[in-house]
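Being a predicted model, the structure only gives us computed values, none of them experimental. Remember, it's 1-based here, ligands and their atoms both numbered in the order they're listed.
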Amino acid sequence: MSSAVYLDYNATAPLRPEARAAMLEAFDEVGNPSSVHAPGRRARGLVEQARRDLALALGAAPADVIFASGGTEANNLGLLGLARANDCDVLLVSAIEHSSVRVAARQAGLPVRTIAARQDGTASLDALRGILDSLPADAKPLLALMAANNETGVIQPVAEAAQMVHEAGGLVHVDAVQAFGKMPLSLAELGADSLAVSAHKIGGPMGMGALALACNTRLAPRSHGGGQERGHRGGTENVPGIAGFAAAVRAALRDLPRCADIAALRDHVQAQLLALAPDAIAVGATAPRLCNTLCLATPGFAADVQLMSMDLAGFAISSGSACSSGKVRASVAMQALGLPEDATTGAIRISLGGSTTRDELDAFAAAWGEARERTRMKESA
Ligand code: PLP
């Protein structure tokens with residue numbers, strides 16, 4: 001049976017009909033946005049309208065929105081582009097960042113200091129304070145801290161961290177890929193100098209993203225060419241992708257008030273699963289979390305076994321763990337939380353969306369409970 005119930009919205013969300021329609025319309029346009037003739041001007045119009053939509057959603061000026069090929073590129077551009085253009089001396093990267101930040105940070109040719117995380121899923125402000133205090137007085141740090149974590153959904157203390165880093169004369173890059181569309185976001189309120197978002201996490205097309213900059217922020221380009229995106233990213237714009245992204249942004253903003261209903265559904269399934277497995281941990285449940293995300297760590301119930309059993313039962317979920325050298329290991333971010341290893345290797349992520357129903361979640365909980373019982377019986381046999 002193929003997965004009929006989709007509970008993996010944090011991996012990617014289904015394409016919204018609004019995004020599909022906008023893309024189909026844009027596919028029929030022929031112009032290059034850099035051309036001065038009428039078709040070119042029409043394509044330019046689509047791109048600039050989309051830029052205004054993104055800017056409005058993020059509290060940025062339209063001129064400070066740069067379209068990119070996804071969250072990964074936007075994170076690379078933000079982190080490495082800020083570091084280079086502003087002569088930063090050291091990168092401060094939280095231990096729970098997505099690989100598109102953690103791995104990119106190693107390419108900057110600068111020292112990287114890791115900010116430890118706490119068991120509740122938040123990056124430690126005390127650890128950040130300690131690192132800032134240990135830097136030479138003239139060092140310029142660049143902090144990378146995500147708005148919300150992709151595995152746990154835990155919302156990070158970005159505004160507090162940004163204030164500390166700005167007081168130390170540094171800059172802040174925020175990966176808002178998971179937070180976008182699931183909570184209100186404002187560049188100014190977060191104190192971000194750059195902020196990355198991705199289209200496919202909010203029901204837009206895959207392969208589209210954007211980086212928003214605070215006013216007057218200097219950024220070094222990483223892709224050189226025809227001077228598109230005000231010189232920040234060379235290359236002909238993906239007009240249909242941009243149009244689809246903007247349509248998804250408008251729809252996601254319209255749907256933001258539904259987050260409370262989604263959170264209630266998430267809490268419902270969380271309570272059901274914890275009743276079935278009282279030794280399981282709802283990771284990050286004591287901290288503020290994205291409305292749609294549940295990370296459940298069940299000791300002795302390997303995440304890959306859960307994933308496969310649930311897939312066979314018709315439910316698509318995900319796990320942060322991976323098997324290397326024959327041993328299942330928790331993801332880097334999960335390991336950073338300092339939870340017991342037998343729990344983190346049993347951590348799965350259930351992420352809901354606007355179309356998730358209570359019946360689907362009840363069916364999921366029943367199937368999960370059966371799978372756990374089967375595993376326990378096999379192990380005790
Ligand atoms: N940052 C976070 C927190 C993510 O969850 C992801 C995708 O999983 C990315 C960045 C990368 O985004 P994209 O898939 O658009 O490259």
Should the proximity of [X] to ligand 1, defined as any heavy atom under 4.0 Å, be assigned to the side chain, the backbone, both, or neither?
| X | value |
| --- | --- |
| Glu73 | neither |
| Met206 | neither |
| Val177 | side chain |
| Asn75 | side chain |

With a 4.0 Å cut-off on heavy atoms, is Ser100 in contact with ligand 1? yes
Does even one non-hydrogen atom of Lys201 get within less than 4.0 Å of ligand 1? yes
Evaluate the salt bridge (Lys or Arg N to Asp or Glu O under 4.0 Å) criterion for residues Arg376 and Glu373: first the C-alpha distance (whole Å), next the side-chain angles of each, then the deciding distance (0.1 Å), finally the verdict. CA-CA 5 Å; Arg376 272 154 52 121; Glu373 256 335 286; 3.5 Å; yes
Which protein heavy atom lies closest to [atom], and at what distance to 0.1 Å?
| atom | result |
| --- | --- |
| atom 3 (C) of ligand 1 | Asp175 OD2, 3.3 Å |
| atom 14 (O) of ligand 1 | His200 NE2, 2.8 Å |
| atom 13 (P) of ligand 1 | Gly71 N, 3.5 Å |
| atom 4 (C) of ligand 1 | His98 CD2, 3.3 Å |
| atom 11 (C) of ligand 1 | Thr72 OG1, 3.4 Å |
| atom 5 (O) of ligand 1 | Gln178 NE2, 2.8 Å |

Please check if any side-chain donor atom of Glu151 sits under 3.5 Å from a side-chain acceptor atom of Ser331, or the reverse.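 Looking only at side-chain atoms, Ser331 and Glu151 do form a donor-acceptor pair, the distance falling under 3.5 Å.
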Proximal ligand 1 atoms for [X], defined as those under 4.0 Å from one of its heavy atoms:
| X | value |
| --- | --- |
| Ser198 | 13 (P), 15 (O) |
| Gly70 | 15 (O) |
| Met146 | 3 (C) |

Considering all heavy atoms, the nearest [X]-[Y] contact:
| X | Y | value |
| --- | --- | --- |
| Asn238 | Gly207 | ND2-O, 4.2 Å |
| Ser194 | Leu82 | OG-CD1, 3.3 Å |
| Ala168 | Pro141 | O-CD, 4.0 Å |
| Phe67 | Arg233 | O-CD, 3.1 Å |
| Leu290 | Gln178 | CD1-O, 3.6 Å |

May I ask you to decide whether Asp28 forms a salt bridge with Arg42, counting only side-chain N to carboxylate O separations under 4.0 Å?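 Salt bridge between Asp28 and Arg42, a charged N being under 4.0 Å from a carboxylate O: no.
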Glu229 with Arg51: basic N within carboxylate O range, under 4.0 Å: yes
Carefully, step by step, assess Glu97 and Ser94 under the rule side chain to side chain donor-acceptor pair (under 3.5 Å). CA-CA 6 Å; Glu97 292 303 299; Ser94 96; 2.7 Å; yes
